[in-house]
Amino acid sequence: METIFFNGKIITMENEPYTDCVLVKNGIIEETGSFEKISALYPSAQKRDLEGRALMPSFIDPHSHFMSAAITLLYPSVSRCKTFDDIQRLIKEFVSLKNLDSEKWLVLRDFDQSVIKENAYPNKKILDEAAPEIPVVLQHKSGHSGVFSSKALQILGIDADTKSAEGGTIEIINGEPTGYMDENAYIKYIQKIPLPDSQSLQEAIKKTQNMYFSKGITTIQEGMLVKSMVPIYEKAMELKLFKADIVGFVGPDDIDSVKNVFSGHIKEYKNNFKIGGIKIFLDGSPQNKTAYMSRPYIDNKKNFGSLTMKNEEVLEALKKAVENDMQILCHCNGDKACDIFINCVNDISKIEPRICSLNPVIIHAQFINPAVLPFAASLGITASFFVAHILHWGELHIKNLGYNRASQMSPLNSALQCMPFTLHQDTPVINPDMFETIYCAVSRKTSAGRVIGQNQKISVYNALKAVTINAAKQYSEQNSKGSISKGKRADLIILDKNPLEVSEDEIRNVNVIETIKDGETVWKAEEQFL
């Protein structure tokens, strides 16, 4: 079936920003241009009157954690809790509602100490008082830390003699663990928690995929595919649950085993899934004051954050990327962490120049020094910025780092001068809302409404490029995705407003009303209200 989209604001994301109409045939963009000419050439084509609405390429997610987002849908959120008492009340209610016993884990998500009255993490005793016989975990919203109850610590075999993982903390006070862990220690033990049952996960996968579709995203990243997720992905593909394209990235130690399982999915989609490359973590998160900085945090002159890998380990991971002919993504938030990764790529490039053509990506790049961006770009490095931090945690960063340092986070305008950067949400850290992210890139307003980094603002058009054509380039898929151009896949979205014509404050209120993947509608706004 051939379909002609016409009578709307059709944004191409190409050199010519608009076109008159688009012809889609067999899931591919067959023609763009004059409605009169194309309708004459294809008289039997179905006509889709846009009625003045905007149509553009669908969004491409440059970084998130798809399966983690699905799993967290099955966990209760503490985002509305304002005190420790509220958290305890939620635990008791959920234990009663689900009739949990000591064999069932309770994982709570979305904790943020900056919005809690106590302005601190609770310890294990707070969790124990609410559910003494239940293994409970309170996950921080960043995904980089959490608190484990006494029962959870017992099951995991953690006591005062348990050593922290290098680049992570198991907090011990007065000879016993408090329950708090961060970075590598937290990641190590959170992966030991039993996953939800298969049926629940399948339903959560469908809901999560629809959440991305509702925000116009048709290519999604699995930013850390750990071994425990492998059978889940196998089952999902067997059941053909994926309608979006999913790109998985794997830790360097697991790449060989994962490649054996997904041998037909290496850099090529099969059942809408492929292995895109390798992922490493070099530091923590700025809201937890574990992002690795060249200067200390304000409240502690000895705290520069956490470095979670040694230089030798980064170099080995880069070598493995070259050996496997794969892209590498590196989580770096602090400026010092970014410097280390850039310098390691430079060192490897002298031995293995191939690394520069494999498109290494700095994920988050929150506090990268703008001065190093041209050098990074010369090595083939690009950055994917978590710019929505400005809205969600900008005020906290000002408190922790001072206004001047915080104002230069996510230096988009500096990056614009030298590299095709992208923007992401790190879901499930925040929801995959591209228009909120675009708003943050354009306005740079904190939750208090003040602008930080006026000099780093970019235009709406450049922000749109960051989540369409630039994101396609990040995945080396620019020949098939990211713009409305002849021969590309018909991954499209219809919007209620033209984002290039609304005011700055209205950008975040632009709504997706239909999402189209390979020419087929996969989500419609009105269907959600039937």
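- Side-chain atoms of Asn400 and Gln287 include no donor-acceptor pair closer than 3.5 Å.
- By the 4.5 Å heavy-atom criterion applied to side chains, Ile340 and Asp283 are not counted as neighbours.
- Lys259 and Asn324 share a side-chain donor-acceptor pair at under 3.5 Å.
- The main-chain N or O of Gly276 is never found under 3.5 Å from a side-chain atom of Gln221 such that the two would form a donor-acceptor pair.
- In this structure, Thr515 and Phe213 approach most closely via the heavy-atom pair OG1-O, 2.6 Å.
- Residues satisfying the salt bridge (charged side-chain N to carboxylate O under 4.0 Å, His left out) test with Asp110, not counting sequence neighbours, are Lys141.
- Ring planes of His140 and Phe111: perpendicular class, angle over 60° (limits at 30 and 60°).
- For the residue pair Ser503/Asp505, the side-chain donor-acceptor check at 3.5 Å is not satisfied.
- In this model, a donor atom of one side chain and an acceptor atom of the other lie less than 3.5 Å apart for Glu222 and Tyr233.
- Between Glu183 and Thr169, the side chains place no donor N or O within less than 3.5 Å of an acceptor N or O (distance only, hydrogens not considered).
- Side-chain polar atoms of Gln425 and Thr437 form a donor-acceptor pair below 3.5 angstrom.
- With sequence neighbours left out, Lys227 forms a salt bridge (charged side-chain N to carboxylate O under 4.0 Å, His left out) with Asp254.
- With sequence neighbours excluded, the residues that form a side chain to side chain contact (heavy atoms under 4.5 Å, CB included) with Asp335 are Met293, Ser294.
- Residue-environment remark: NZ (Lys243) stays at or below the threshold of 12 foreign heavy atoms within 6.0 Å.
- For the atom pair CG of Asn288 and CG of Asp182, the computed distance is 7.0 Å after rounding to the nearest 0.5 Å.
- Residues that satisfy the side chain to side chain contact (heavy atoms under 4.5 Å, CB included) test with Leu73, not counting sequence neighbours, are Lys207, Thr208.
- The salt bridge (charged side-chain N to carboxylate O under 4.0 Å, His left out) check on Asp253 picks up nothing, with sequence neighbours excluded.
- Among all heavy-atom pairs drawn from Pro499 and Leu495, the shortest one is CD-CD1, 3.7 Å.
- Using the six-membered ring where Trp is involved, His397 and Phe367 have ring planes that are perpendicular, over 60° apart on the 30 and 60° scheme.
- Taking every heavy atom of both residues into account, Leu282 and Cys330 meet most closely at CB-SG, 3.9 Å.
- Electrostatic pairing of Lys399 and Asp299 does not count as a salt bridge here, judged by no charged N lying under 4.0 Å from a carboxylate O.
- The 12-atom threshold is not exceeded at CZ of Arg295, counting heavy atoms of other residues, nucleotides or ligands nearer than 6.0 Å.
- Atom CD of Gln191 sits in a crowded spot, with more than 12 heavy atoms from other residues, nucleotides or ligands closer than 6.0 Å.
- Here the OG atom belonging to Ser77 is positioned 8.0 Å from the CG atom belonging to Leu90, to the nearest 0.5 angstrom.
- A donor and an acceptor atom, one from each side chain of Ser483 and Lys488, are located under 3.5 Å apart.
- Between Phe273 and Phe262, the distance separating the two ring centers is shorter than 6.0 angstrom.
- Looking at residues two or more places apart in sequence or on another chain, you find no salt bridge (charged side-chain N to carboxylate O under 4.0 Å, His left out) involving Lys336.
- Under the side chain to side chain contact (heavy atoms under 4.5 Å, CB included) criterion, Ser447 pairs with Glu395, sequence neighbours left out.
- No hydrogens or angles considered: nothing links the side chains of Asp61 and His424 as a donor-acceptor pair under 3.5 Å.
- Of the residues Thr218, Asp245, Asn479, Thr219, the one that meets the side-chain hydrogen bond (donor to acceptor under 3.5 Å, both in side chains) test with Arg489 is Asp245.
- A salt bridge links Lys319 with Glu316: at least one charged nitrogen is closer than 4.0 Å to a carboxylate oxygen.
- Close placement of the His389 and Trp393 rings is indicated, their centers lying within 6.0 Å of each other.
- Across Val322 and Leu358, no two heavy atoms sit closer than the pair CA-CD1, 3.9 Å.
- Distance check, rounded to the nearest 0.5 Å: OG of Ser164 to CD1 of Ile170 gives 4.5 Å.
- His144 is linked by a ring pair (Phe, Tyr, Trp, His ring centres under 6.0 Å) to His331, counting only residues two or more places apart in sequence or in another chain.
- Using a 4.5 Å heavy-atom cutoff, the side chains of Ile398 and Arg450 are in contact.
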Identify each donor-acceptor pair in which a side-chain atom of residues 415-422 lies under 3.5 Å from a protein atom, sequence neighbours left out, and give them as a table.
| from | atom 1 | to | atom 2 | distance (Å) |
| --- | --- | --- | --- | --- |
| Gln417 | NE2 | Asn413 | O | 2.9 |
| Gln417 | NE2 | Asn413 | OD1 | 3.4 |
| Thr422 | OG1 | Ser384 | OG | 2.7 |
| Thr422 | OG1 | Gln474 | OE1 | 2.8 |

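- Qualifying side chain to side chain contact (heavy atoms under 4.5 Å, CB included) partners for Ser68, counting only residues two or more places apart in sequence or in other chains: His65, Met229, Pro428.
- The CD1 atom of Ile328 lies 11.5 Å from the CD1 atom of Ile362; values are rounded to the nearest 0.5 Å.
- In summary, the side chains of Glu504 and Ser443 do not present any donor paired with an acceptor at a separation below 3.5 Å, with no hydrogens or angles considered.
- Under the 30°/60° scheme for interplanar angles, the aromatic rings of Phe148 and Tyr186 are found to stand perpendicular.
- Screening residues 435-461 for ring-ring contact (aromatic ring centres under 6.0 Å, His included), with sequence neighbours left out, gives Phe59-Phe435.
- Atom CG of Asn184 sits about 12.0 Å away from atom OH of Tyr189, to the nearest 0.5 Å.
- Every residue meeting the ring pair (Phe, Tyr, Trp, His ring centres under 6.0 Å) condition with Tyr180, not counting sequence neighbours, appears here in chain and number order: Tyr121.
- Taking CE from Met309 and OG from Ser306, the interatomic distance works out to 14.5 Å, rounded to the nearest 0.5 Å.
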Given Asn455 and Gln408, is the side-chain hydrogen bond (donor to acceptor under 3.5 Å, both in side chains) satisfied, shown in steps?
-> CA-CA 8 Å; Asn455 64 317; Gln408 293 306 296; 3.0 Å; yes
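- Side-chain contact between Met434 and Lys215 is absent, with no heavy atoms from C-beta onward closer than 4.5 Å.
- Annotation for Ala236 and Phe242: closest pair CB-CZ, 3.6 Å, computed over non-hydrogen atoms.
- In plain terms, the two heavy atoms of Ala244 and Asn272 that are nearest each other are O-CB, 3.1 Å.
- A 4.5 Å side-chain heavy-atom check between Leu401 and Tyr297 finds at least one atom pair inside the cut-off.
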